[in-house]
A.B. asks: 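Mind looking over this structure? Questions follow.
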Amino acid sequence: MMQKSSIIVALDYDSADKALVLAEQLNPQQCLLKVGKSLFTRCGPSLLRALADLGHRVFLDLKYHDIPATVAGAVQAAADLNVWMVNVHASGGSQMLEAAARALAGYHQRPLLIGVTVLTSMNQQTYQSLGFVRSLPEQVAHLTRLTMEAGLDGVVCSPLEVQAVKARFPQAVTVTPGVRPYWASQDDQSRILTPKQACERGSDFLVIGRPITTAAEPQTALLKIIEELGE
Ligand code: C5P
């Protein structure tokens, strides 16, 4: 039987209070939470501790991209904060990826380490304007290979790319934003799939923000998505 995807709720708020009000409404057994650059820059490690006190597991989505030693130190700092998942840009290259993986090797309980392939906000035109010659799908495949060969656990990619990733690396943990239930607003997302479609294509973790965070009853919205995944 196909394994069901889990849901990561994106806490895209500008204050710890707002994030915690939402976190208190969500069942930690039924979702994971994502803290990104703006919330973390405002609220820092104390917010992560408060979320952990509520029983939540956190994906620290800071997409590190720097020289290998700096990324290794950052990944270790994230592990010391007991986050459940952390990520780096795969385009930082093999040495950086290997340094990140090595940095976590000594941990008894380490976070999942995930590589970001190509941002889904990139289209072929903006991507080629950077001087890359491969097509976007080829670049996603290439960066996935670098990520997995360096010993990371998986990749962030578009739900439209998940099947290709899983075909080549079935063991890769796949994390996909760009997911919208049919009943929710598309917001500013463009290339979207429903949770069920993303799950069927092999996405292990669905990153979903506003359909849950702006719902009148966030836990009810979460449960509705979980039910749809099980149908
Ligand atoms: O509200 P929504 O479901 O669109 O939130 C999606 C989350 O996933 C946001 O935190 C957004 O920054 C993140 N994300 C994304 N597309 C990417 C990478 C991350 O939407 N390619």
Side-chain angles (χ1 to χ4, degrees), residues 5-16 18-19 22-23 25-26 31-43 47-48 51 56-65 83-92 112-127 130 136-137 139-140 143-144 147 154-162 164-165 173-199 201 203-216 218-219 221-222 224-226 228-229:
S5 318
S6 299
I7 296 171
I8 302 176
V9 181
L11 296 181
D12 290 319
Y13 292 110
D14 59 8
S15 80
K18 290 179 196 165
L22 194 274
Q25 296 174 65
L26 297 175
C31 66
L32 305 123
L33 301 181
K34 180 172 91 68
V35 173
K37 286 191 174 85
S38 64
L39 186 59
F40 189 75
T41 302
R42 284 186 189 281
C43 307
L47 173 67
L48 302 185
L51 293 171
H56 284 290
R57 290 158 293 170
V58 172
F59 168 23
L60 187 60
D61 178 22
L62 298 183
K63 301 186 183 71
Y64 299 125
H65 186 166
V83 300
W84 157 79
M85 178 182 277
V86 64
N87 59 0
V88 300
H89 267 290
S91 51
L112 288 169
L113 180 60
I114 303 294
V116 177
T117 55
V118 178
L119 293 172
T120 51
S121 52
M122 285 263 172
N123 59 28
Q124 188 71 38
Q125 201 184 359
T126 47
Y127 167 76
L130 296 172
L136 275 182
Q139 182 70 352
V140 171
L143 291 174
T144 300
T147 301
V155 292
V156 182
C157 64
S158 155
L160 299 162
E161 293 151 359
V162 154
V165 167
V173 171
T174 48
V175 181
T176 58
V179 179
R180 279 292 177 276
Y182 64 88
W183 42 264
S185 159
Q186 206 169 309
D187 302 307
D188 51 2
Q189 296 282 6
S190 50
R191 296 163 70 231
I192 54 170
L193 289 183
T194 66
K196 179 93 177 158
Q197 288 168 329
C199 175
R201 288 177 182 222
S203 176
D204 298 303
F205 294 99
L206 312 174
V207 178
I208 304 178
R210 288 160 289 181
I212 294 171
T213 58
T214 65
Q219 173 66 21
L222 171 65
K224 193 170 173 189
I225 297 171
I226 292 172
E228 286 166 13
L229 287 173

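These numbers come from the heavy atoms of this one structure, side chains and all, not from hydrogens, waters or symmetry mates. Note that ligands are numbered from 1 as they come in the structure, with each ligand's atoms numbered from 1 the same way.
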A.B. asks: What's the shortest heavy-atom distance between Val155 and Ile114, and which atoms?
C.D. replies: C-CG2, 3.5 Å
A.B. asks: Backbone N or O of Leu136 within a donor-acceptor pair of the Gln124 side chain at under 3.5 Å?
C.D. replies: yes
A.B. asks: Distance check, rounded to the nearest 0.5 Å: Leu39 atom CG versus Lys34 atom NZ?
C.D. replies: 9.5 Å
A.B. asks: Indicate the atoms forming the closest heavy-atom contact of Leu206 with Cys199, along with that distance.
C.D. replies: CD2-N, 4.4 Å
A.B. asks: Under 3.5 Å, N/O to N/O: give me all the pairs between ligand 1 and the protein, one per line with atom names and distance.
C.D. replies:
unit_1: ligand 1; atom_1: 1 (O); unit_2: Arg210; atom_2: N; d: 2.8
unit_1: ligand 1; atom_1: 1 (O); unit_2: Arg210; atom_2: NE; d: 2.8
unit_1: ligand 1; atom_1: 3 (O); unit_2: Arg180; atom_2: NH1; d: 2.9
unit_1: ligand 1; atom_1: 3 (O); unit_2: Arg180; atom_2: NH2; d: 3.4
unit_1: ligand 1; atom_1: 3 (O); unit_2: Gly209; atom_2: N; d: 2.7
unit_1: ligand 1; atom_1: 4 (O); unit_2: Arg180; atom_2: NH2; d: 2.8
unit_1: ligand 1; atom_1: 4 (O); unit_2: Gln189; atom_2: NE2; d: 2.9
unit_1: ligand 1; atom_1: 4 (O); unit_2: Arg210; atom_2: NH2; d: 2.8
unit_1: ligand 1; atom_1: 10 (O); unit_2: Asp12; atom_2: OD1; d: 3.3
unit_1: ligand 1; atom_1: 10 (O); unit_2: Asp12; atom_2: OD2; d: 2.7
unit_1: ligand 1; atom_1: 10 (O); unit_2: Lys34; atom_2: NZ; d: 2.9
unit_1: ligand 1; atom_1: 16 (N); unit_2: Thr120; atom_2: OG1; d: 3.2
unit_1: ligand 1; atom_1: 20 (O); unit_2: Gln189; atom_2: NE2; d: 2.9
unit_1: ligand 1; atom_1: 21 (N); unit_2: Thr120; atom_2: N; d: 3.2
unit_1: ligand 1; atom_1: 21 (N); unit_2: Thr120; atom_2: OG1; d: 2.4

A.B. asks: Can you give me the closest heavy-atom contact between Val179 and Thr194, atom names plus distance?
C.D. replies: CG1-C, 3.9 Å
A.B. asks: How far apart are the closest heavy atoms of Pro181 and Glu228, and which atoms are they?
C.D. replies: CB-OE1, 4.3 Å
